[in-house]
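Following: one structure in structure tokens, then a few remarks.
Numbering of ligands and ligand atoms starts at 1, following listing order. Computed from a prediction, not measured in an experiment: that's the story for all the values here. Heads up: numbering here begins at 1 and tracks the sequence.
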Amino acid sequence: MSNITFTMIKPDAFANGHSGAILDKIIKAGFRIVALKLTSLSKEKAGAFYAVHQGRPFYDELVEFMSSGPIIAAILEKSNAVEDFRKLIGATDPAKADAGTIRKLFAENVGRNAIHGSDSDENAQIEGGFFFSSLERY
Ligand code: CDP
Ligand code: MG
């Protein structure tokens with residue numbers, strides 16, 4: 001069990017002005033910010049980040065959406081980080097997400113769903129490395 005996960009506040013939530021409220025929920029849930037940046041993904045970078053979904057029906061739309069505006073990327077630390085963060089964000093489809101979860105509160109729909117959370121310790125390491133060098137981690 002690793003104590004690190006990776007997240008992005010997605011373009012919908014950033015554009016809708018939810019970044020502050022989302023970061024507040026993350027911090028109040030006990031996650032420590034290890035690394036943080038406001039940035040954006042080119043289509044090429046978004047395609048690479050979500051390469052595991054290549055060939056799925058939603059892939060092109062996902063790449064288009066994720067490269068459509070600024071995002072906030074972060075590495076977060078907490079015991080049992082990956083599992084606890086997935087609980088905090090809720091189901092992929094906000095219609096199926098539990099009350100009080102970030103996606104229930106802030107997502108528009110299954111595609112524009114406000115936030116990313118790593119699904120395994122291995123992917124948390126890979127995804128954190130996609131955005132941050134060791135010098136950008138505290
Ligand atoms: O983000 P999460 O791990 O919950 O879901 P995923 O299955 O790894 O899918 C990655 C992202 O693709 C989702 O967060 C959605 O933005 C998008 N997606 C979609 O647009 N339509 C679907 N049916 C499934 C996922
Ligand atoms: Mg996923």
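Remark: side-chain polar atoms of S67 are paired, donor with acceptor, to backbone N or O of V63 under 3.5 angstrom.
With hydrogens and angles left out, the side-chain atoms of N113 and K10 include a donor and acceptor closer than 3.5 Å.
In this structure, F6 and H116 have tilted ring planes: the angle between them lies in the 30° to 60° band.
Taking the six-membered ring wherever Trp is involved, the centroid distance between the rings of F106 and H18 falls below 6.0 Å.
For ligand 1, residues of the protein lying within 4.0 angstrom by heavy-atom distance are K10, Y50, H53, F58, L62, R86, T92, R103, V110, G111, N113.
Enclosure of atom NZ in K45 is not indicated, since only 12 or fewer non-hydrogen atoms of other residues, nucleotides or ligands lie within 6.0 angstrom.
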Trace of the ring-ring contact (aromatic ring centres under 6.0 Å, His included) decision for F49 with F130
CA-CA 8 Å; F49 185 88; F130 195 91; 5.4 Å; yes

